[in-house]
Structure formats: structure tokens, C-alpha cells
K.L.:
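One structure follows; several queries about it will come next.
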Amino acid sequence: MAEGFLERLKSEVLVCDGAMGTMLQARGLTGGACPELWNKNHPERVQEVHRAYFAAGCNMVETNTFGGNRLKLKGYGLEKDVADLNYLGARLAREVCPPGCFVCGSVGPTGHFLEPLGDVSREEIYDVFKEQILALAEGGADVICIETMMDTEEAAIAVRVAKENTDLPVIATMTFELDRNGYRTMMGIDPVTAARRLTEAGADVIGCNCVNGPEIALGVLQEMKPVTDRYLMAQPNAGLPQLIKGETVFELGPEVYAQKYPVLLEVRPHIVGGCCGTTPEHLAFVVKLVKGINS
Amino acid sequence: MGSFEEIARALIVGNHVRVRELTEIALKEGTDPQEIIYKGLIPGINVVGEKFRNNEYYVPQVLLAARAMYAGMDLVRPLIAKLGARYLGRVVIGTAQGDLHDIGKNLVAMMLEGTGFEVINLGSDVSPERFTEEARDKKAQIVGISALMTTTMPGMARTVEALKAAGIRDQVKVMIGGAPVTQLYADEIGADGYARDATAAVAKAKELLSLV
Ligand code: B1M
Ligand SMILES: [Zn+2]
């Protein structure tokens with residue numbers, strides 16, 4: 001297993017990968033299908049995506065386990081397969097991970113709201129994340145990456161689960177949009193509040209992902225930086241998805257994405273990468289930009 | 001008079017206890033249940049929608065307001081059924097395949113129900129086949145599809161195709177909606193109607209069944 005992940009962040013910027021979901025769709029994953037089930041049924045295609053990101057120069061990849069929690073898998077009748085699918089997800093990435101690179105166990109939101117707004121209790125959410133995170137750790141994840149969170153409470157619980165049940169470093173990133181009030185998650189949470197709460201919960205790395213482009217990511221990190229002593233991470237999308245002749249196309253192609261990316265590096269994030277709509281071609285440009293900083 | 005405004009106000013701040021109380025009082029005073037919906041609950045939820053669009057409200061406030069709306073609706077709905085009023089029509093509604101966003105769809109469903117439609121809510125992530133089966137089995141006049149993501153919008157087009165393939169396209173009207181959906185898209189895929197919000201959805205449903 002790769003040692004010294006946090007140690008590395010002290011002296012260099014690491015590059016995480018880009019999208020998994022849109023890459024799998026390009027390989028035949030259809031609308032109604034469960035992406036995590038591909039860890040079992042199409043492992044070679046999942047590994048092909050991981051390999052492509054490592055080949056593009058990424059230092060770390062995220063496992064295909066974003067929706068691998070019991071509450072989401074239940075929608076596909078797969079709630080019994082949580083441990084299997086997450087374990088396999090971590091193994092697949094582990095098998096193709098070159099020396100000196102890292103496997104991040106991806107943990108996304110449950111899609112449910114906490115009581116009293118929604119129907120799940122804090123204890124239940126804790127158990128849901130525990131089941132997933134333990135399987136990721138067992139499968140060989142080097143880092144736990146809690147991402148695309150919108151509710152700080154849900155995110156904080158996931159961070160606690162990872163901290164209390166594993167020895168792995170923990171990343172926690174949230175998704176913000178720029179609206180009339182500034183940067184806000186869909187629950188109305190601003191970056192300062194998020195940064196304070198995630199720091200308090202014990203995350204080692206905090207930041208944002210799945211935001212609309214590098215400028216938004218920059219804005220969010222600028223607000224987080226003064227109120228946290230943790231490492232910062234950003235994974236912006238390739239702009240907004242558009243439906244053109246029945247096909248989803250993202251606004252920013254690799255070249256345009258690369259042109260917009262350098263501003264984000266001005267806040268000196270410790271980890272950068274991409275999210276929805278980004279491809280190994282996008283990430284190859286990011287790798288090049290980061291090489292310029294690291295050298 | 002004042003009580004309609006009060007109901008709306010309680011709904012807007014998401015106070016479901018107060019909405020229930022006020023609705024009970026209004027009903028005890030003999031207020032027409034339909035009026036409570038049209039003059040209290042609907043104006044209230046419209047303000048909530050507006051506030052969400054203007055970023056005054058976020059998802060938690062919308063959820064609380066929706067719950068307050070249900071609190072009122074739950075009291076009023078059985079009375080409307082009892083009035084013996086015939087249903088305006090039967091609607092099968094759900095979110096497009098792969099789409100789990102159901103807050104807006106549920107508001108639309110609730111509003112249609114409150115204004116006299118019989119609503120069969122299929123939930124979220126509904127396949128074109130399921131829409132088609134349910135529409136046929138339940139003899140629905142309207143199939144309502146909601147999508148909140150550009151990636152799930154094609155499910156709407158596939159549903160229109162599935163209805164055609166099953167030979168029942170001319171027996172149902174297809175109404176679509178959701179934030180990324182437009183009239184243009186409705187035209188493109190051959191849907192019969194598009195509605196921007198829940199109030200427009202009610203008006204459109206009536207229009208589609210020539211009830212206006
Ligand atoms: C049949 O006829 C009709 C007629 C009118 C109809 C109609 C049908 N349906 C709706 N209407 C109309 O009437 C309603 C009432 O006025 C209106 O309904 P609306 O639904 O528009 O309005 C509701 C009252 C309030 N609006 C909403 O409820 C949607 C709000 C936002 C914040 C949102 C929410 C809440 C959620 N989300 Co998601 N979410 C976003 C949304 C961003 C935003 N700010 O709008 C959006 C839609 N989400 C998005 C994404 C990407 C995702 N979400 C996801 C998950 C979620 C939650 C589960 C956390 C939650 C949904 C909870 C639930 N049970 O519904 C994921 C996908 C899950 C899935 N497979 O569906 C995920 C992929 C995130 C992720 N990476 O995991 C984006 C879609 C981007 C795109 N264009 O494709 C998004 C625009 C946010 C963003 N800016 O990126 C009208 O549109
Ligand atoms: Zn994303």
C-alpha cells in the first residue's frame with residue numbers, strides 16, 4: 001500500500017482523476033443501470049478508465065463506488081451487495097495503481113435528507129456510511145474521499161465514520177453553485193460554514209467538487225482557505241451539461257478547460273482534478289499545468 | 001377571507017402545524033375545500049417556488065413548505081372526494097428513467113390531485129415501459145413526466161416512443177416538465193404539453209383534456 005499520502009501533500013500538488021460516470025456511459029452504461037454493478041459485471045471497463053487516468057499522469061484515482069451506499073443501491077435491489085461492490089471497486093483500482101500513486105475510495109451522498117427534514121436518522125446514516133467505508137478500506141483504498149456533499153451534517157457524519165473506523169486519511173468535498181447570495185450548496189450552506197464544520201469533524205483535506213468550472217472552484221477555495229488549516233482540493237466539472245440531439249455534451253472541451261484552469265492554481269490547492277464531463281484528455285492538460293508548479 | 005392569507009403565510013414559512021390548524025378551522029366554518037386549495041395552499045406554494053428561484057429559499061425551506069402543503073391537503077382531499085365531484089381526469093405521473101429528483105414532481109402531483117384529478121404517482125426513476133404499462137392498465141388520459149437533469153430528458157422521448165409502439169399514443173396526452181425542460185423540447189419529442197411550474201401544470205392538464 002502506498003505510504004505517506006498526507007506527507008506528499010506538504011511538498012507537491014497531486015492530481016486526482018476526472019469523471020467516472022460519463023466515462024462509463026461512453027462505454028455503454030445506460031440511464032437506468034447501476035454504475036457500481038459494473039465493478040462485478042464489467043470490471044475490465046472500469047479498470048480501463050482507471051488506467052486511462054493513470055496514463056494521463058494522474059497521481060490518484062477514485063473508485064467506482066460513488067453511489068455505493070445501501071440507501072442508493074436499494075433503488076436497484078442491490079442493498080445486499082454493498083460490501084461486495086465497494087470491496088471490488090477498491091480492488092479494481094488497486095490492481096492497476098502504479099507505485100507511488102493512490103486509490104481513493106469514493107463515497108457520495110445517500111440522496112436522502114436527515115431528520116427532521118427527511119426520513120433518515122443520524123444513527124442510520126452513520127451505519128450506512130460505515131458499511132461502505134469499511135468495505136472500501138478492506139478492498140485496499142489508501143484514502144477515503146467523501147464527495148459531492150450538499151449537507152454539512154451528512155458530510156460530517158461520513159468523515160466521523162471514516163475517522164473512527166479506519167486509519168486512512170480523509171478527504172471531504174462539497175458542491176456549491178454561485179447564486180445571488182454567493183457560493184451556496186443546494187441546502188443553502190456557504191463555503192466558510194462548510195470549511196469550519198468539515199475541519200471540526202476531522203477531515204484532512206477539504207474543498208469542492210462537481211462545481212461548474214474552475215472559476216467557481218477558485219471562488220469556493222478562496223473563501224475556505226482563511227478559516228481552515230487543512231489541505232485544499234478542487235475538482236471542477238467541464239462546465240454545464242447540454243442536451244444536443246439527444247446526447248449529453250459538456251460545455252468545456254479539453255483545450256478550453258485547460259485555458260480556464262490556471263486561475264484555480266493561484267490559490268495553491270494541494271489536490272486538483274476534474275469531475276463530471278472531464279476525460280483523460282482534460283486531465284492530461286491539468287497534469288501538465290501542475291508539473292509547472294511542482295518543478 | 002383573512003384565513004386564506006394566513007394559510008398561505010403559514011405554508012410559506014413551512015409551519016405544518018399551523019397550516020393544519022388553520023385548515024381545520026376554515027373547514028369547521030364551512031369554507032369550500034376547493035377554495036382553501038385555490039386561495040390558500042396554491043398561492044402559498046407559488047410564493048415558495050418563486051423564493052426558491054430567487055435564491056431566497058434553498059431545498060430545506062422547500063421541503064418544509066411541501067410538508068406544510070401536505071398537512072393542509074390531507075385534510076381537504078377526502079372532502080373533495082366526498083363531495084361526489086367526478087374526477088377531471090386520470091393522470092399517471094413519475095420522474096424520467098434514472099432521475100431521482102421528485103420534490104417538484106410531487107408538488108405537481110399534489111396540486112393536480114387537489115384540483116380534482118385522479119393521480120397515480122409512480123414515484124421516481126420510471127422506465128418508458130412502466131409508464132406505458134401503467135397508462136394502459138389504468139386507462140390514464142394524461143402521462144406526466146418530470147426530469148431535472150439534461151441526462152434524463154431523453155427518457156421522456158423514449159416514453160413517447162414506447163407509447164407509440166404500444167399503440168396507445170393517441171389515447172393519452174403527454175405532459176412534461178422540470179427545470180431543464182422547455183416548450184421547444186416538448187415540441188421536439190412530440191409531447192402534447194409543457195408546464196413551467198405546478199400551477200401551469202394544472203392549467204395545462206385541463207387544457208389538454210379540453211376542460212377550459
Ligand atoms: C408532468 O408535468 C410536469 C409539469 C411541471 C413540472 C414537472 C412535471 N416537474 C417539475 N415541474 C415544475 O413544477 C415544479 C414545482 O413548481 C418545479 O419542479 P422543480 O423540481 O424544478 O422544483 C422543485 C420544487 C425544487 N427543486 C428541486 O427539488 C431540485 C433542486 C436541486 C438543488 C437538486 C436536488 C434537490 C437534489 N439533487 Co440534484 N438537484 C438539482 C437542483 C438544482 C436547483 N437549484 O434547482 C440538480 C437538478 N441536480 C443535479 C445533479 C447533477 C444531481 N442531483 C442529484 C441528487 C440530488 C438530491 C438527491 C440530493 C436532491 C433530490 C432530492 C429529491 N428527493 O428530489 C444527483 C443525481 C441523482 C439522480 N440520479 O437523479 C446529481 C447527479 C448529483 C450527483 N453528482 O450526485 C443538477 C442537474 C444538472 C443537469 N442539468 O443535468 C442540478 C441542476 C444541480 C446543478 N446545478 O448541478 C417545476 O420544474
Ligand atoms: Zn461531478
K.L.:
Heavy-atom distance under 4.5 Å to chain A: side chain of B:N54, backbone, both or neither?
P.N.:
both
K.L.:
Identify the two heavy atoms, one from B:Y58 and one from A:R184, that lie closest to each other, and give their separation to 0.1 Å.
P.N.:
OH-CG, 3.1 Å
K.L.:
Look at B:M149, B:R67, B:M153 and state which one has the largest set of heavy-atom pairs under 4.5 Å with chain A.
P.N.:
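Most heavy-atom pairs under 4.5 Å with chain A: B:R67.
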K.L.:
Check each atom of B:Y185 against the heavy atoms of chain A and say whether the ones under 4.5 Å are side chain, backbone, both or neither.
P.N.:
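B:Y185 touches chain A through side-chain heavy atoms alone.
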K.L.:
In terms of heavy-atom proximity below 4.5 Å to chain B, should A:T185 be classed as side chain, backbone, both, or neither?
P.N.:
backbone
K.L.:
Who among A:T30, A:T248, A:D179 has the most heavy-atom pairs with chain B under 4.5 Å?
P.N.:
A:D179
K.L.:
Walk me through whether A:Q242 and B:T150 qualify under side chain to side chain contact (heavy atoms under 4.5 Å, CB included).
P.N.:
CA-CA 6 Å; A:Q242 286 155 335; B:T150 42; 5.9 Å; no
K.L.:
Return yes if some donor-acceptor pair links the side-chain N/O of A:N181 with the main-chain N/O of B:N55 below 3.5 Å, else return no.
P.N.:
yes
K.L.:
Any chance you could measure A:M187, atom CE, to B:L63, atom CG, to the nearest 0.5 Å?
P.N.:
6.5 Å
K.L.:
I'd like to know which of B:A96, B:G14, B:A157, B:P60 tops the heavy-atom pair count under 4.5 Å against chain A.
P.N.:
B:P60
K.L.:
Please check if the number of heavy atoms outside A:K260 that lie under 6.0 Å from its NZ is greater than 12.
P.N.:
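No.
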K.L.:
Does any backbone or side-chain atom of B:S127 lie under 4.5 Å from a heavy atom of chain A? Answer side chain, backbone, both or neither.
P.N.:
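No part of it gets close to chain A.
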